[in-house]
2 protein chains.
Amino acid sequence: MASPMYRQIAEDLRAQIESKELSPGQQLRTELELREHYGASRNTVRDAIKLLTTLGLVETKPGQGTFVVRKIDPHVTMLTTDPKTGPGGDITQHSGVGQVVISSDPQVEIQKATPSVAEALRIAEGSQVVSRHQKRHIDGTPWSMQTTFYPMGFVLKGADRLIQADDIVPGTVSYLADTLGLRQIGYRDWIKVRTPDATEANFFNLPLDGRVSLYEIFRTGFDQTGTPMRLTVSVYPTDRNQFIVNVGDVPNLNITS
Amino acid sequence: MASPMYRQIAEDLRAQIESKELSPGQQLRTELELREHYGASRNTVRDAIKLLTTLGLVETKPGQGTFVVRKIDPHVTMLTTDPKTGPGGDITQHSGVGQVVISSDPQVEIQKATPSVAEALRIAEGSQVVSRHQKRHIDGTPWSMQTTFYPMGFVLKGADRLIQADDIVPGTVSYLADTLGLRQIGYRDWIKVRTPDATEANFFNLPLDGRVSLYEIFRTGFDQTGTPMRLTVSVYPTDRNQFIVNVGDVPNLNITS
DNA sequence: GGGTATTTGTCCGTATGTATT
DNA sequence: AAATACATACGGACAAATACC
């Protein structure tokens with residue numbers, strides 16, 4: 001009837017954390033101390049801590065101890081912008097007060113379209129695409145990775161800056177409009193959540209057991225004929241990112257919390 | 001140098017799963033068999049399986065065995081609709097082919113505004129609000145929970161159907177327009193991801209160790225004066241839900257995958 | 001830099017409980 | 001009722017990471 005001991009221990013510690021009896025950043029008692037305190041074996045105490053770890057309440061540091069996690073101040077990204085003038089293609093992060101956003105130079109590759117890229121751009125699977133990949137940091141913390149795919153035909157028709165490893169200012173949307181007459185009149189964002197792979201866990205400094213997941217947002221941009229002209233795939237760790245969607249008339253937001 | 005044994009075992013099994021050598025739904029060898037196969041102790045094999053479990057690749061069933069998880073066919077919800085005519089207030093699920101959506105009768109309560117509700121509705125903390133709560137199933141599977149908050153003043157001014165535990169057809173948006181002259185001209189969705197609490201894990205049949213997280217979407221609706229008129233908080237398990245945001249002109253979507 | 005104490009990580013063996021078939 | 005398979009719990013040993021002197 002009674003729940004297992006490791007759960008009871010975890011519940012007891014959880015209550016202490018929720019009630020701020022143990023404050024964020026504070027160190028818990030060591031496994032040996034908890035073992036004596038609860039009259040359990042060290043492995044049972046470790047099971048309790050393991051549970052709290054996957055719940056995202058504590059984190060363990062070898063050689064140091066177990067600590068209550070400090071919640072990361074989340075970064076909020078607006079998904080709805082004017083598709084014709086605003087960023088609208090790549091998803092840009094909007095920095096809050098005193099936040100410093102740093103984007104890496106794009107890493108440009110010519111690739112064959114994977115099935116999902118081909119479907120989004122409505123081109124043949126295996127045909128060539130330009131891939132532009134960027135990483136973004138905020139205040140020194142890795143925040144997002146994004147890759148934008150363009151049909152290779154754009155380059156052949158004259159948009160050769162797409163294959164240069166530099167930022168395109170004032171933006172690829174207006175560059176493609178100027179060069180090829182392609183106007184982006186809208187985009188669709190498809191939002192999913194999944195566990196990170198090893199590369200992503202490494203870049204974002206996430207635990208490799210997948211307990212912190214990622215938003216994966218597929219943004220397909222459409223030109224004036226309704227044809228897909230670009231696909232941007234962005235990933236953001238869910239522990240430090242939130243999103244806003246505005247529909248219709250919405251008053252300005254003053255972020256207080 | 002070498003990674004720990006339980007990781008190597010997990011990696012070996014993971015590779016078999018990714019390569020479809022072990023297909024979704026298929027049973028893995030038992031812990032005892034794996035123990036002999038890898039020449040490790042049962043506890044070490046269990047550590048490997050535990051890792052795969054938090055990665056969401058396998059699930060264990062006492063008395064039966066360990067199985068490769070079957071990926072759930074995700075349900076896609078459109079977040080951008082016409083705020084004046086469409087649902088726009090409550091978030092409605094759009095059913096795919098042959099999917100049966102069932103919404104429970106709303107559970108109506110009068111509550112005091114929590115700080116976050118008060119802030120969203122721009123009313124005083126602790127003032128009274130009407131809370132309408134609904135649960136939704138698709139094809140018999142629990143899919144989402146949502147609670148909408150209205151200022152209690154709406155009821156006093158005549159919108160007394162808000163406190164009846166029935167569906168308001170054709171929708172609360174048009175009901176409030178007819179009754180109080182409040183027209184919703186826009187809304188803002190704020191999208192977060194967090195771990196479920198015990199109640200939510202129970203309703204959605206999620207493991208209580210928090211490895212499946214929830215979208216939590218705060219939708220604030222605004223009337224013609226730019227004043228918040230409603231707050232809808234919805235939660236959706238991330239393992240079975242995705243979202244779409246359309247901006248500008250976007251061609252119709254035919255869902256193929 | 002080295003050495004030592006502390007703390008968590010890995011791995012083992014064993015016993016017993018619980019859920020399912 | 002019996003067999004099977006995972007879940008819980010204990011105790012012990014050594015490794016690895018970190019901090020401190």
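These figures come from a predicted structure and were not determined experimentally. All chains are named by letter (A, B, ...) in the order of the sequence lines, taking the proteins before the strands, and each is independently numbered beginning at 1. Every heavy atom of this structure was used, including side-chain atoms; hydrogens, water molecules and symmetry mates were not.
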Without decimals, in angstroms, what is the distance between Arg46(A) CZ and dT10(C) P? 7 Å
Go through the structure and list residues passing side-chain hydrogen bond (donor to acceptor under 3.5 Å, both in side chains) with Arg29(A), not counting sequence neighbours. none
Measure the distance from OH on Tyr6(A) to P on dC6(D) and round it to the nearest whole Å. 16 Å
Please name the nucleotide paired to dA1(D) by Watson-Crick or G-U wobble geometry with both distances under 3.5 Å, or report none. none
Does any residue of residues 51-61 of chain A have a heavy atom under 4.0 Å from DNA chain C, and if so, which ones, in number order? Thr60(A), Lys61(A)
Residues Arg194(B) and Glu216(B) bridged, charged N to O under 4.0 Å: yes
How long is the line joining CD of Glu31(B) and P of dA7(D), in whole Å? 6 Å
Just checking Arg35(A): base, sugar-phosphate only, or nothing, at a heavy-atom cut-off of under 4.0 Å? nothing
Does CD in Gln164(B) sit with more than 12 non-hydrogen atoms of other residues, nucleotides or ligands closer than 6.0 Å? yes
Has Thr30(A) got a side-chain N or O lying under 4.0 Å from the OP1 or OP2 atom of dT6(C)? no
Whole angstrom value for the distance that separates P of dA5(D) from CD of Gln64(B): 11 Å
By nearest-heavy-atom nucleotide on DNA chain D, the more 5' of Gly63(B) and Thr44(A) is Gly63(B)
dT8(D) OP1/OP2 closer than 4.0 Å to side-chain N/O of Arg7(A): yes
Could you state the atom-to-atom distance from OH of Tyr38(A) to P of dC10(D) in whole Å? 14 Å
Below 3.5 Å, can you tabulate the donor-acceptor pairs from side chains in residues 9-21 of chain A to any protein atom, sequence neighbours excluded?
unit_1   : atom_1 : unit_2   : atom_2 : d
Glu11(A) : OE1    : Arg14(A) : NE     : 3.1
Glu11(A) : OE2    : Arg14(A) : NH2    : 2.7
Asp12(A) : OD2    : Gln16(A) : NE2    : 3.2
Asp12(A) : OD2    : Tyr38(A) : OH     : 2.5
Arg14(A) : NH1    : Glu18(A) : OE1    : 3.2
Ser19(A) : OG     : Ala15(A) : O      : 3.1
Ser19(A) : OG     : Gln16(A) : O      : 3.2
Ser19(A) : OG     : Glu21(A) : N      : 3.4

Please tell me which of the listed nucleotides, dT10(C), dA7(D), dA9(D), lies nearest to the side chain of Asn43(B)? dA9(D)
